[in-house]
Engineer: 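Let me give you the structure first, and then I'll get to my questions.
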Amino acid sequence: QVQLVQSGGGLVQPGGSLTLSCTAPGLILDYSGIGWFRQAPGKEREGITCDSTTDGSTYYADPVKGRFTFSRDNAKNTVYLQMNSLKPEDTAIYYCAAGPSINTVQAMCDNRRYEYHYWGQGTQVTVSS
């Protein structure tokens, strides 16, 4: 069974930056739909950015729009989440996920509309002074 492998995360002060990485031994990410999700204590898991290779678009949820950036490095079979201007409310466990790409990229960030096949192990991001 394919397990996505995440790295990055940690403790950062408000206003700081972090980069999360996600790679997939045994799975080619070039043509996969990718999602980054997060789950804060006591809250449901939410999709924050999702990328569709079918229509070439990337969706960002409002709370992270303009601060977070999704990217891919196909040569390294790795995807990234660059997080800038971090806020305490960004504190959560972050997960990457991969699955068949679809045209409706926003649906890929909705747990009720799309089910990913593979998930990373999760990584803690804590934003605190």
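The shown structure was predicted, so the numbers you read here are calculated from the model rather than taken from an experiment.
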Engineer: Within a strict 4.5 Å, meaning less than it, do heavy atoms of the I48 and C109 side chains meet?
Structural biologist: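 Side chain of I48 against side chain of C109, heavy atoms only: no contact under 4.5 Å found.
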
Engineer: For L20 and M83, which heavy atoms make the closest approach, and how far apart are they?
Structural biologist: CG-CE, 3.8 Å

Engineer: Ignoring hydrogens and angles, tell me if any N or O in the side chain of R67 forms a donor-acceptor pair with the backbone of P63 under 3.5 Å.
Structural biologist: yes

Engineer: Nearest 0.5 Å please: distance from the OG1 atom of T49 over to the CD1 atom of I34.
Structural biologist: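 One gets 10.5 Å once the value is rounded to the nearest 0.5 Å.
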
Engineer: Who pairs with Q82 by side-chain contact (heavy atoms from CB on, under 4.5 Å), at least two apart in sequence or on another chain?
Structural biologist: S17, T19, T69, N84

Engineer: What is the distance from atom OH of Y59 to atom CD of Q106, rounded to the nearest 0.5 Å?
Structural biologist: 4.5 Å

Engineer: Please tell me whether L27 and F70 are part of a single hydrophobic cluster in this structure, the criterion being side-chain heavy atoms less than 4.5 Å apart.
Structural biologist: yes

Engineer: Between the side chains of S52 and S57, does any donor sit under 3.5 Å from an acceptor?
Structural biologist: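 Distance-only check fails for S52 and S57.
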
Engineer: Linking I/L/V/M/F/W/Y whenever their side-chain heavy atoms sit closer than 4.5 Å, directly or via other members, would V79 and I102 fall into one cluster?
Structural biologist: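 V79 and I102: separate clusters.
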
Engineer: Quick one: closest heavy-atom pair of G33 and M108, and the distance?
Structural biologist: CA-CE, 3.4 Å

Engineer: What pair of heavy atoms forms the shortest contact from Q121 to Q3, and how long is it?
Structural biologist: N-NE2, 3.4 Å

Engineer: Can you establish whether the number of heavy atoms outside E89 located under 6.0 Å from its atom CD is more than 12?
Structural biologist: yes

Engineer: What pair of heavy atoms forms the shortest contact from L4 to A24, and how long is it?
Structural biologist: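 It is CD2-CB, 3.3 Å.
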
Engineer: Give a yes or no on whether the ring-centroid distance for W36 and F68 is below 6.0 angstrom.
Structural biologist: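 Not close enough - the centres of the two rings lie 6.0 Å or further apart.
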
Engineer: To the nearest 0.5 Å, what is the distance between NE2 on H117 and CD on E115?
Structural biologist: 7.0 Å

Engineer: Does atom NZ of K65 have more than 12 heavy-atom neighbours from other groups under 6.0 Å away?
Structural biologist: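 Buried by this count: over 12 neighbours within 6.0 Å.
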
Engineer: Does any pair with a residue in residues 79-114 pass ring pair (Phe, Tyr, Trp, His ring centres under 6.0 Å), and if so which ones, sequence neighbours excluded?
Structural biologist: Y114-Y116

Engineer: How far apart are the closest heavy atoms of S32 and A98, and which atoms are they?
Structural biologist: CB-CB, 4.4 Å

Engineer: Using modelled atom types and a 3.5 Å cut-off, is there a donor and acceptor pairing between side-chain atoms of T78 and backbone atoms of K76?
Structural biologist: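 A pair under 3.5 Å: yes.
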
Engineer: Look at the side chain of Q6 and the backbone N and O of S21, then say whether any donor-acceptor pair between them is shorter than 3.5 Å.
Structural biologist: no

Engineer: For T58 and D51, what are the C-alpha separation, side-chain angles and deciding distance, and is it a side chain to side chain donor-acceptor pair (under 3.5 Å)?
Structural biologist: CA-CA 4 Å; T58 304; D51 184 77; 2.5 Å; yes

Engineer: Compare every heavy atom of L29 with every heavy atom of R72, then report the nearest pair and how far apart it is.
Structural biologist: NH1-O, 2.7 Å

Engineer: What is the distance from atom CD of E44 to atom CZ of R38, rounded to the nearest 0.5 Å?
Structural biologist: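 Separation between the atoms: 14.0 Å.
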
Engineer: How far does CD of Q124 sit from CD1 of I93, to the nearest 0.5 angstrom?
Structural biologist: 5.0 Å

Engineer: Just to verify, what does V127 make a side-chain contact (heavy atoms from CB on, under 4.5 Å) with, not counting sequence neighbours?
Structural biologist: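 Applying side-chain contact (heavy atoms from CB on, under 4.5 Å) to V127 gives V12, P14, L86, P88, D90, T91, V125.
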
